[in-house]
A.B. asks: 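Structure incoming, see below.
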Amino acid sequence: SVRKALRILLFGVLSPYKGTDLLLQALLRCPGMPLEVVIAGECAQPDYANKIASLIDAIGERYAVTWDRGFVPENKVRDYFESSDVVILPYRHIDQSGVLFTAFRFGTPVIATDVGAFREHLPAFAGLICPQPTPGAIAKCLATFVARRSEFERDRIRQYAQTMGWAQTVRPLVNAYRVAA
């Protein structure tokens with residue numbers, strides 16, 4: 001049987017610290033792996049946009065890589081996440097990312113580099129932590145994810161997201177302030 005390509009989503013504004021280039025370089029280390037990449041977001045830095053475009057050209061026909069440039073309107077967000085098998089956050093550094101929690105909301109597993117608070121918020125049932133923000137480490141994580149993709153249950157990830165809603169996280173604080181006042 002023909003295995004369906006793993007559809008990888010990289011979502012949000014593209015900046016060097018978010019590592020889009022690392023993902024694209026990692027693809028060159030994944031020969032024969034069934035992968036497809038969708039990059040959805042704008043890049044305000046012309047030099048970095050040119051670098052991304054050059055890397056996409058270098059990948060050529062090996063993988064289907066599409067870059068939907070520009071701001072993603074709210075009514076399109078669900079489509080991107082629900083049509084993807086995994087969201088990747090190949091960040092070089094960051095404290096936290098709203099994309100992580102957006103992925104959880106739609107039940108989409110995540111591969112994130114081990115920076116900022118990703119390790120604290122990404123349970124094993126919801127994705128993988130990539131030990132380093134390097135093309136080699138990202139390629140290894142992609143291979144691991146392809147091998148284990150059936151272990152990541154979208155419904156369980158959605159349930160996890162519900163534990164982080166405003167009602168669950170803010171209401172206890174409001175009640176604590178009321179008691180303290």
A.B. asks: Quick check: is V37 connected to V13 through a chain of hydrophobic side chains (ILVMFWY, heavy atoms under 4.5 Å apart)?
C.D. replies: no
A.B. asks: Starting at CZ of F81, measure out to CZ of F104 and round the result to the nearest 0.5 Å.
C.D. replies: 11.0 Å
A.B. asks: Give a yes or no answer on whether the side chain of Y48 reaches the backbone of D21 with a donor-acceptor pair at less than 3.5 Å.
C.D. replies: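 Yes; judged by distance alone, with no hydrogens or angles, the pair exists.
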A.B. asks: Name all pairs fulfilling the side chain to side chain donor-acceptor pair (under 3.5 Å) condition that reach into residues 22-47, sequence neighbours left out, sorted by first residue then second.
C.D. replies: R7-E36
A.B. asks: So, taking the atom named CG in L89 and the one named CG in L9, what distance separates them when rounded to the nearest 0.5 Å?
C.D. replies: 9.0 Å
A.B. asks: Please answer whether the main-chain N or O of V87 pairs with a side-chain N or O of T108 as donor and acceptor at a distance below 3.5 Å.
C.D. replies: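 Checking the backbone N and O of V87 against the side chain of T108, no donor-acceptor pair under 3.5 Å is found.
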A.B. asks: Around atom CZ of R105, are there more than 12 heavy atoms from other residues, nucleotides or ligands closer than 6.0 Å?
C.D. replies: no
A.B. asks: side-chain contact (heavy atoms from CB on, under 4.5 Å), that's the test. Do I94 and T113 meet it? Break it down for me.
C.D. replies: CA-CA 10 Å; I94 196 162; T113 48; over 6 Å; no
A.B. asks: Of the non-hydrogen atoms in P109 and D85, which two are nearest, and what is the gap between them?
C.D. replies: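 Heavy-atom minimum between the residues: CD-O, 3.3 Å.
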A.B. asks: According to side-chain contact (heavy atoms from CB on, under 4.5 Å), who are the partners of Q132, at least two apart in sequence or on a separate chain?
C.D. replies: T134, A137
A.B. asks: Count the heavy atoms belonging to other residues, nucleotides or ligands that lie under 6.0 Å from CD of E74, then report whether that count exceeds 12.
C.D. replies: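 No, because the 6.0 Å sphere around CD of E74 holds 12 heavy atoms or fewer from other groups.
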A.B. asks: Quick one: closest heavy-atom pair of G107 and R154, and the distance?
C.D. replies: O-CG, 2.9 Å
A.B. asks: Which class fits the ring pair Y91 and Y17: parallel under 30°, tilted 30 to 60°, perpendicular over 60°?
C.D. replies: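 Taking Y17 first and then Y91, their aromatic rings stand perpendicular (interplane angle over 60°).
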A.B. asks: For I111 and C130, work out which heavy atoms get closest and say how close.
C.D. replies: CG2-CB, 4.4 Å
A.B. asks: Would you mind reporting whether P90 and P135 have side-chain heavy atoms less than 4.5 Å apart?
C.D. replies: no
A.B. asks: Apply side-chain contact (heavy atoms from CB on, under 4.5 Å) to F11 and T102, showing your working.
C.D. replies: CA-CA 10 Å; F11 186 89; T102 303; 5.7 Å; no
A.B. asks: Quick check for you: to the nearest 0.5 Å, what is the distance between I129 atom CD1 and H121 atom NE2?
C.D. replies: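 Reported to 0.5 Å precision, the distance equals 10.5 Å.
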A.B. asks: Which one of L10, I39, I138 satisfies the side chain to side chain contact (heavy atoms under 4.5 Å, CB included) criterion with L24?
C.D. replies: I39
A.B. asks: Hey, what do you get for CZ (F145) to CD (E151), rounding to the nearest 0.5 Å?
C.D. replies: 9.5 Å
A.B. asks: Without swapping roles, check the side chain of S97 against the backbone of V99 for a donor-acceptor pair under 3.5 Å.
C.D. replies: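 Checking the backbone N and O of V99 against the side chain of S97, a donor-acceptor pair under 3.5 Å is found.
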A.B. asks: Going by heavy atoms in the side chains, are L55 and V65 under 4.5 Å from each other?
C.D. replies: no
A.B. asks: If you look at every heavy atom in P133 and L22, which pair is closest and at what distance?
C.D. replies: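 Closest heavy-atom pair between P133 and L22: O-CD1, 3.3 Å.
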A.B. asks: Give a yes or no on whether D57 atom CG has more than 12 heavy-atom contacts from other residues, nucleotides or ligands under 6.0 Å away.
C.D. replies: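 Yes, because the 6.0 Å sphere around CG of D57 holds more than 12 heavy atoms from other groups.
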A.B. asks: Taking all heavy atoms of A117 and all of Q96, pick out the closest pair and write down the distance.
C.D. replies: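 Between these two residues, the closest heavy atoms are CB-NE2, 3.4 Å.
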A.B. asks: According to side chain to side chain donor-acceptor pair (under 3.5 Å), does anything in residues 75-84 pair up with another residue at least two apart or in another chain? List the pairs.
C.D. replies: D68-Y80, R78-E82
A.B. asks: Any chance you could measure L128, atom CG, to L122, atom CG, to the nearest 0.5 Å?
C.D. replies: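 Going from the CG atom of L128 to the CG atom of L122 covers 7.5 Å.
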A.B. asks: Do the non-hydrogen side-chain atoms of R62 and L28 ever get within less than 4.5 Å of each other?
C.D. replies: yes
A.B. asks: Decide yes or no for L6 and M33: does some side-chain heavy atom of the first lie under 4.5 Å from some side-chain heavy atom of the second?
C.D. replies: no
A.B. asks: Tell me the closest heavy-atom pair linking R69 and W67, and the distance in Å.
C.D. replies: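 Nearest pair, atom of R69 first, then W67: NH2-CZ3, 2.8 Å.
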A.B. asks: Rounded to the nearest 0.5 Å, how far does CG of L142 lie from CG of L23?
C.D. replies: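 Going from CG on L23 over to CG on L142, the span is 6.5 Å.
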